[in-house]
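A short write-up of the structure that comes next.
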Amino acid sequence: MNDVVEAADGVEALAAFGDGTGFDLVLTDWNMPNMNGLELVTEIRQRGHKHPIMMITTESEKAQVLRAIQAGVNDYLVKPFDQEMLTLKLERVLPKPQTA
Amino acid sequence: MTLTVDTESAVAEVLDRSIRNAFETMLGETLTELPRSSLRPHEGNTGKKCLTVVVGLSGTLNGTLGMCLSGAAARCWTKGLIDHDSGEIDQMVIDAVSELGNIVVGGTKSHLEQFELSMGFPSVVRGGVDKLGFNSDMTPVCTAYQLCGETVTTLISLSEA
């Protein structure tokens with residue numbers, strides 16, 4: 001990943017995301033002040049954006065994972081995680097580069 | 001109401017697994033448990049160069065879980081997590097220790113589903129366990145570990161609703 005834009009909470013993230021131009025992926029936590037990750041995902045999907053979204057969180061109960069998937073996340077990574085797992089998930093969720 | 005022995009043991013066991021998992025997965029470090037003790041004045045991590053992260057829990061159990069790290073242990077964690085070490089306890093260290101609280105308490109909560117717990121956001125105190133006060137019916141139980149030659153102490157201060 002060449003460019004990463006950080007946000008402290010869902011409100012900042014939504015503002016930074018804008019119309020989604022230039023972004024390949026949204027990586028979000030669940031528990032954040034002001035607007036949590038679930039609300040952020042819901043809002044992005046309600047606005048019609050199809051960007052891949054991955055949630056990284058401590059919430060691992062089945063019901064919570066289901067809520068996240070229903071809201072529109074493409075993949076889910078439970079903390080703690082190692083570099084290898086993160087890389088595997090990113091490779092799976094990011095669109096493959098198109099070949100000529 | 002004070003925790004029953006069974007509940008206290010269940011929480012302690014899950015918290016132990018969670019903190020070990022956090023350090024092993026993210027740092028490749030194995031914690032060594034030191035003899036367990038109930039909190040008494042001046043025991044556990046004390047002194048200025050400590051950071052203590054506390055996270056509130058509510059549900060069938062109410063109270064606080066926390067971890068106290070010596071300054072060096074906090075910097076060791078921060079270095080492993082985000083490859084940052086300025087040689088002092090700066091905001092990045094505070095943020096990293098806050099995230100440690102989130103990871104460990106979040107992991108603990110996930111394995112205590114029977115208590116239907118909600119957790120708050122972590123708060124970080126610049127100081128050791130001696131800087132914290134507890135309600136009279138929530139005497140904390142502490143477990144000390146060794147990490148990178150330094151001390152990390154978990155604390156459980158919970159009561160049954």
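Each chain gets a letter, A, B and so on, in the order the sequences are listed, and its residues count up from 1.
Counting heavy-atom neighbours within 6.0 Å of A:Glu84 CD, excluding the residue itself, gives a total of 12 or less.
Side-chain contact between A:Thr58 and B:Val105 is absent, with no heavy-atom pair separated by less than 4.5 Å.
In terms of heavy-atom proximity, A:Phe81 sits nearest to B:Thr25 at C-CG2, 3.4 Å. Residues B:Ala22 and A:Pro80 approach most closely at CA-CG, 3.7 Å, considering heavy atoms.
B:Leu81 and B:Ile19 fall within the same hydrophobic cluster, where Ile, Leu, Val, Met, Phe, Trp and Tyr residues are linked whenever their side-chain heavy atoms come under 4.5 Å apart, directly or through other members. Note on A:Leu27 and A:Ile53: separate hydrophobic clusters, where clusters join Ile, Leu, Val, Met, Phe, Trp and Tyr whose side-chain heavy atoms are under 4.5 Å apart, directly or indirectly. Residues B:Phe121 and B:Met67 do not share a hydrophobic cluster, clusters being chains of Ile/Leu/Val/Met/Phe/Trp/Tyr side chains in contact below 4.5 Å. The hydrophobic clustering, which links ILVMFWY residues whose side-chain heavy atoms are closer than 4.5 Å, places A:Leu86 and A:Val65 apart. Under the 4.5 Å side-chain contact rule for hydrophobic residues, A:Trp30 and A:Ile69 share a cluster.
Per-residue heavy-atom pair counts under 4.5 Å with chain A were compared for B:Lys109, B:His111, B:Glu24, and the maximum is reached by B:Lys109. Ranking A:Gln83, A:Met85, A:Lys79 against chain B, the residue ahead of the rest is A:Lys79, based on heavy-atom pairs under 4.5 Å.
When heavy atoms are compared at a cutoff of 4.5 Å, A:Met32 approaches chain B solely by way of its backbone atoms N, CA, C and O. For chain A, the nearby part of B:Glu99 is the side chain; its heavy atoms alone come within less than 4.5 Å.
With rounding to the nearest 0.5 Å, the separation of CD1 in B:Ile103 from OG1 in A:Thr57 is 10.0 Å. Distance CD/B:Glu113 to CD/A:Gln64: 9.0 Å, rounded to 0.5 Å. Atoms CG and CD, on B:Leu117 and A:Glu61 in that order, are 9.0 Å from each other to the nearest 0.5 Å.
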